[in-house]
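Okay, structure first, notes after.
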Amino acid sequence: MVESFHGLVVVDLRTAAPLLATAVALYILIEQLSYHRKKGSMPGPPLVVVPFLGSVTHLFRDPVGFWDLQATRASKSGAGLTADFLFGRLMVFIRDSELSRRVFANVRADAFHLVGHPFGKKLFGDHNLIYMVGKEHKDLRRRIAPNFTPRALSTYAVIQQRVILSHLRRWIDRSVANGGKAEPIRVPCRDMNLETSQTVFVGPYLTVETRERFDRDYNLFNHGFITLPIDLPGSAFRRARLAVPRLKHILEDCARQSKQRMRGGGEPECLVDYLMQETVREIDEAAAAGLPPPPHTSDMETGNLLFDFLFAAQDASTSSLCWAVSALDSHPDVLARVRAEVAALWSPESGEPITAEMMTEMKYTQAVAREVVRYWPPGPVVPHIAGEAFQLTEQYTIPKGTIVFPSVYESSFQGFPDAGTFDPERFFSEARREDVVYKRNFLAFGAGPHQCVGQRYALNHLVIFMALLASLIDFRRERTEGCDVPVYMPTIVPRDGCVVHLKQRCAKLPSF
């Protein structure tokens, strides 16, 4: 009952409570019926246990267990699919490689939308590369192409080595100071990758003060990315969301400085310079013809793009570096072959960095890098949302609004012979060439229009790191029970943070 008292509306709680309870019960009933109608005959929980949230608690409390459960259900179903319920939406998990490829191949306005995170647009903004489709997306990918030519990658390789070497030196110094005590290297790897990404992408345009601010804000972003998306004052998610514009503003200023230097005839020294060389030419040609600047050439748009690159490179590489250390330690024969191959091509005493030509000759080390990425794909699942109903199989149409998770991880263990064994020979052996034979199951870098544009850069980074680490440092993993169980940070990393003993291997660390 509602009464008025001196102009105020007063609700009789005794009357309202039954109505509220009825409304809640009706909502729960409708939600359950909708879930069952959309799920169809797919395996999945028989009920939405927690209204609206569904299985969110399980996902955040135990992500590895949650995804293992989805994979088990999908495997047993025979169709390679299973369903669940998250944040008021049906969720479909895809284990089958061909069905995953169908999703990747149909990222477009009237099919699937790549989201990167269930609440990604709140974090990244609406106009980032991962949300683009169609001609706009193709045009931007074309503009990105000069960033990953052999010449550009060669420039980056020298920068990567300088940063990696400086951090390896710090690791050794810290180990000596600690009396050789084993320490986790996940955070040091992450710090190294952040500096590498900053320096490769926009290095000449960052001051010491700017780097410090950038590091602080990126830490806020990274922490908020893996927490519950509660957008309230003081929450980690809110702090992450507010940090992103500050990060983009820094990158926007770097783009402006690069544009000025490239217009003045400077030689490219980092990724944004390679991007701006062609951009400046197109802007000037348009201006000469009395036309507006071409799309995707503003400093703001470039800042958005650089943030996408940074996000893609940062935590994925941290994951791969940690797993590479663990793999090399647990496979001494593989480590010995990497060391022998690198030693035949490069010496720390040379005083020179490893060249692009040398890296091309490191066929076995490249095979190890690819096997690391296959065995431990950094981003195990890639969230999409069905913008429209999509018939995925003859028997099942994914309803509009469904959150869809193609599993890159599950694909990595399909098709490949003895897939559960870490075996770089599968990519090194000319007789096997499993990277070609089972190419459709190697989805660590995605597929379709949004396939990772920087995959060559990412693999080069892993090759360079392993070559330097194996040549310069003796390392030993401190193994404990379950240390290599993956956890999400936000990409998968060893549960113990990859604890290792480190000792300098060569007489003197190089300097170049």
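For the single chain, residues carry numbers from 1 onward in sequence order.
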Side chain to side chain, [X] and [Y], heavy atoms closer than 4.5 Å:
X      : Y      : result
Trp67  : Pro380 : no
Lys259 : Thr302 : no
Phe445 : Val373 : yes
Met91  : Gln70  : yes
Pro294 : Arg143 : yes
Cys483 : Arg477 : yes
Gln257 : Tyr205 : yes
Val499 : Pro184 : yes

- Query: Is it true that a side-chain atom of Asp329 and a backbone atom of Val325 form a donor plus acceptor pair closer than 3.5 Å?
  - Reply: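 Not confirmed, Asp329 side chain does not pair with Val325 backbone.
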- Query: Yes or no on side chain to side chain contact (heavy atoms under 4.5 Å, CB included) for Asn193 and Phe465, after CA distance, side-chain angles and deciding distance?
  - Reply: CA-CA 11 Å; Asn193 280 334; Phe465 173 78; over 6 Å; no
If only side-chain N and O atoms count, and only distance matters, is there a donor-acceptor pair under 3.5 Å linking [Y] with [X]?
X      : Y      : value
Glu31  : Tyr35  : no
Asp484 : Ser326 : yes
Asn441 : Ser97  : yes
Thr199 : Arg211 : yes

- Taking the six-membered ring of Tyr131, is the NZ or CZ of Lys121 close enough (under 6.0 Å from the centre) and on axis enough (within 45°)?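 Positive - Lys121 is close enough to the ring of Tyr131 and near enough to its axis.
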- Item | cation_pi(Arg374, Phe416) dist<6.0 Å, angle<=45 |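 Cation-pi check for Arg374 and Phe416: passes.
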Determine the minimum heavy-atom distance between [X] and [Y], stating which atoms define it.
X      : Y      : result
Pro494 : Trp323 : N-CZ2, 3.5 Å
Tyr457 : Ala313 : CE2-CB, 4.5 Å
Phe85  : Phe52  : CE2-O, 3.6 Å

- Query: What about Phe307 and Phe221, are their ring centers closer than 6.0 Å?
  - Reply: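 Here the rings of Phe221 and Phe307 have centres that are less than 6.0 Å from each other.
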- Message: Students often mix this up, so state it plainly: with edges at 30° and 60°, are the rings of Phe112 and His384 parallel, tilted or perpendicular?
- Response: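 Perpendicular.
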- Item | Option from Tyr375, Phe442, Trp376, Phe422 for which ring pair (Phe, Tyr, Trp, His ring centres under 6.0 Å) with Phe413 holds |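 When ring pair (Phe, Tyr, Trp, His ring centres under 6.0 Å) is applied between Phe413 and each of Tyr375, Phe442, Trp376, Phe422, only Tyr375 qualifies.
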